2 protein chains.
Amino acid sequence: MAQGSTAVPEPARRPRGRPPKAPHALDEGNRRQELLRGAARLFRHKGFAATTTRDIAAAAGMQSGSPFYHFESKAALLFAVMEQGMRAALQNQAQALQAALAKPPEVLLRTLVRTHFDVLLGPGSDFIPVMLYEWRSLTPAQRAGIASLQRDYEAAWAAALDALCTAGRIGADARVARLMFLGALNWSVQWYKPRPGASLDELTDQAMLLFLPDNSRRTA
Amino acid sequence: MAQGSTAVPEPARRPRGRPPKAPHALDEGNRRQELLRGAARLFRHKGFAATTTRDIAAAAGMQSGSPFYHFESKAALLFAVMEQGMRAALQNQAQALQAALAKPPEVLLRTLVRTHFDVLLGPGSDFIPVMLYEWRSLTPAQRAGIASLQRDYEAAWAAALDALCTAGRIGADARVARLMFLGALNWSVQWYKPRPGASLDELTDQAMLLFLPDNSRRTA
DNA sequence: CCTACCGATCGGTAGG
DNA sequence: CCTACCGATCGGTAGG
């Protein structure tokens with residue numbers, strides 16, 4: 001553009017060097033996703049404060065300053081990881097609950113447990129663990145946003161557990177039962193290693209046996 | 001000492017300024033303890049990586065470089081916090097178990113739960129939460145040391161839970177039951193706030209009701 | 001235990 | 001999205 005006619009002749013074609021990676025205009029969302037996935041994995045394993053934006057850039061094959069083209073700040077990246085994790089979890093939960101809509105609370109609870117283990121320990125599940133263990137790294141405003149999503153997620157649990165408490169199947173107070181139950185499951189992030197003979201189905205069986213000993217054989 | 005006789009006359013006495021704080025020689029251990037307590041509190045609330053050695057120094061009323069007179073490095077401080085926390089917890093546990101030595105496993109378990117809540121949520125209880133939530137900040141060598149203390153601590157739990165599994169009072173696998181049980185308790189760090197009507201005794205009642213619904217009324 | 005300081009690293013930005 | 005860079009901060013140290 002506006003190049004003088006006396007410009008030096010250019011090499012014209014240069015097939016060496018890296019090929020122009022996927023020339024689609026919609027790749028921007030793709031790069032953003034790569035940053036989120038890398039950030040989730042790094043935040044989970046090293047923690048938010050110990051992860052540098054350079055680590056995250058490198059995980060997505062970028063230079064050190066480039067993440068800031070996609071995200072305002074490191075804090076915004078953390079929030080985006082948690083928000084995306086919670087939205088995906090809510091979607092999983094809603095889908096699973098549709099299949100168990102009018103079923104007894106035992107079946108409802110089992111569905112929730114199985115879905116929760118998926119979100120927590122399944123493939124590509126770094127987002128929710130980050131949310132569980134980096135809460136303190138959020139600003140108060142960010143916390144409010146995530147807390148609102150968490151309330152939605154826990155509403156289904158409260159319903160199932162309330163029913164079981166009322167029916168006398170659970171002895172403790174409903175709120176404490178929910179907190180301890182979810183705590184028991186969430187803690188699995190610390191010790192669960194996928195291996196033959198320890199599938200998420202079997203883990204679900206164990207959790208149900210522990211909390212509802214009488215009639216927890218698979219009901220579906 | 002070795003002062004020349006022609007030294008300029010000194011102001012001799014100067015009652016202003018801070019008084020010479022406790023001139024005992026054994027204060028060194030005291031200062032070290034102050035650093036540990038401050039570090040535990042800061043590590044717990046801000047995380048290890050987000051806590052600066054300057055924060056810790058300030059919490060103990062020292063200058064920025066002074067913690068390194070007492071500890072080799074920031075990492076050594078973290079390890080010392082966890083180690084001291086675990087040794088205190090083991091001592092508490094052993095003492096509580098003496099009073100429940102030949103009792104049935106339900107009583108044993110209740111004793112362990114109550115002691116655990118004390119260590120986890122009682123006054124001055126920042127050390128164990130740091131251990132629970134900063135595991136990844138340890139070096140592999142440090143981890144081995146803490147893991148050994150944890151094995152000792154969990155041995156008593158394994159004994160009580162094995163007995164309850166054998167007796168059919170707990171349905172799940174003994175190992176998974178232990179992990180989920182401790183997870184449910186450990187998670188309380190995230191939500192428990194001391195307030196009237198939510199004492200650690202009552203929390204213990206709730207935990208026993210949830211996991212051993214039949215006969216969990218206080219037995220002692 | 002303080003003073004003064006160092007080298008390294010970090011989140012973020014300007015300009016293209 | 002890269003290049004080049006900045007100011008601030010951090011863990012740690014020398015010397016007293």
Side-chain angles (χ1 to χ4, degrees), chain A residues 1-3 14 17-39 42-43 46-81 134 137-139 142, chain B residues 1-3 14 17-39 42-43 46-81 134 137-139 142:
Chain A
M1 186 189 282
Q3 188 132 25
R14 199 175 45 141
R18 36 172 128 137
K21 25 174 135 167
H24 295 98
L26 287 180
D27 262 12
E28 277 190 22
N30 239 316
R31 305 295 287 151
R32 192 186 142 98
Q33 262 310 114
E34 283 176 51
L35 279 170
L36 280 176
R37 270 200 299 272
L42 287 162
F43 288 161
K46 308 178 52 168
F48 174 73
T51 299
T52 71
T53 57
R54 283 163 172 81
D55 291 336
I56 298 168
M62 295 177 182
Q63 296 301 317
S64 70
S66 302
F68 298 98
Y69 172 76
H70 296 276
F71 294 92
E72 261 192 26
S73 63
K74 191 187 173 189
L77 244 165
L78 177 64
F79 181 78
V81 164
E134 290 295 342
S137 301
L138 293 174
T139 67
Q142 292 177 319
Chain B
M1 187 189 282
Q3 187 131 27
R14 200 174 44 140
R18 39 174 126 134
K21 27 175 134 167
H24 294 100
L26 288 180
D27 263 11
E28 276 189 24
N30 240 315
R31 305 295 287 150
R32 193 187 142 97
Q33 263 309 114
E34 283 175 50
L35 279 170
L36 280 176
R37 269 201 300 272
L42 287 161
F43 289 161
K46 307 180 50 169
F48 174 72
T51 300
T52 71
T53 56
R54 283 164 171 81
D55 291 336
I56 298 168
M62 296 177 181
Q63 297 300 318
S64 68
S66 302
F68 298 97
Y69 172 78
H70 296 276
F71 294 92
E72 262 192 26
S73 62
K74 192 187 173 189
L77 244 166
L78 177 63
F79 181 79
V81 164
E134 289 296 341
S137 302
L138 294 175
T139 67
Q142 291 176 320

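This structure is a prediction, so every number in the text was calculated from the model and none was measured.
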Inter-residue atom distance B:Thr53.OG1 - B:Leu42.CG, 0.5 Å rounding = 11.0 Å

In plain terms, say whether A:Arg37 and A:Glu34 are close enough for a salt bridge, that is, a side-chain N and a carboxylate O under 4.0 Å apart.
-> no

Has B:Gln63 got a side-chain N or O lying under 4.0 Å from the OP1 or OP2 atom of C:dT3?
-> yes

Which pairs with one or both residues in residues 48-76 of chain A pass ring pair (Phe, Tyr, Trp, His ring centres under 6.0 Å), sequence neighbours excluded?
-> A:Phe43-A:Phe48

Report the secondary structure of DNA chain D in dot-bracket form, marking unpaired bases with a dot and bases paired to a different strand with |, and treating Watson-Crick or G-U pairs with both distances under 3.5 Å as paired.
-> ||||||||||||||||

d(B:Met62 CE, B:Ile56 CD1) to nearest 0.5 Å is 11.0 Å

Under the side-chain hydrogen bond (donor to acceptor under 3.5 Å, both in side chains) test, residues paired with A:Glu134 that sit two or more places apart | A:Ser137, B:Arg136

For B:Glu72, what residues pass the side-chain contact (heavy atoms from CB on, under 4.5 Å) criterion, not counting sequence neighbours?
-> B:Ala76

Could you state the CE-C1' distance from B:Met62 to C:dC2, rounded to the nearest angstrom?
-> 11 Å

By side-chain hydrogen bond (donor to acceptor under 3.5 Å, both in side chains), B:Thr52 pairs with (sequence neighbours left out) B:Asp55

Could you tell me whether a side-chain N or O of B:Arg31 sits under 3.5 Å from a main-chain N or O of B:Pro67, the two making a donor and an acceptor?
-> no

Pull out every protein N or O sitting under 3.5 Å from an N or O of nucleotides 10-13 of chain D, one pair per line with the distance.
from, atom 1, to, atom 2, distance (Å)
D:dG11, OP1, B:Thr51, O, 3.3
D:dG11, OP1, B:Lys74, NZ, 3.0
D:dG11, OP2, B:Thr53, N, 2.9
D:dG11, OP2, B:Thr53, OG1, 3.1
D:dG11, N7, B:Arg54, NH1, 2.8
D:dG11, O6, B:Arg54, NH2, 3.2
D:dG12, OP2, B:Lys74, N, 2.7

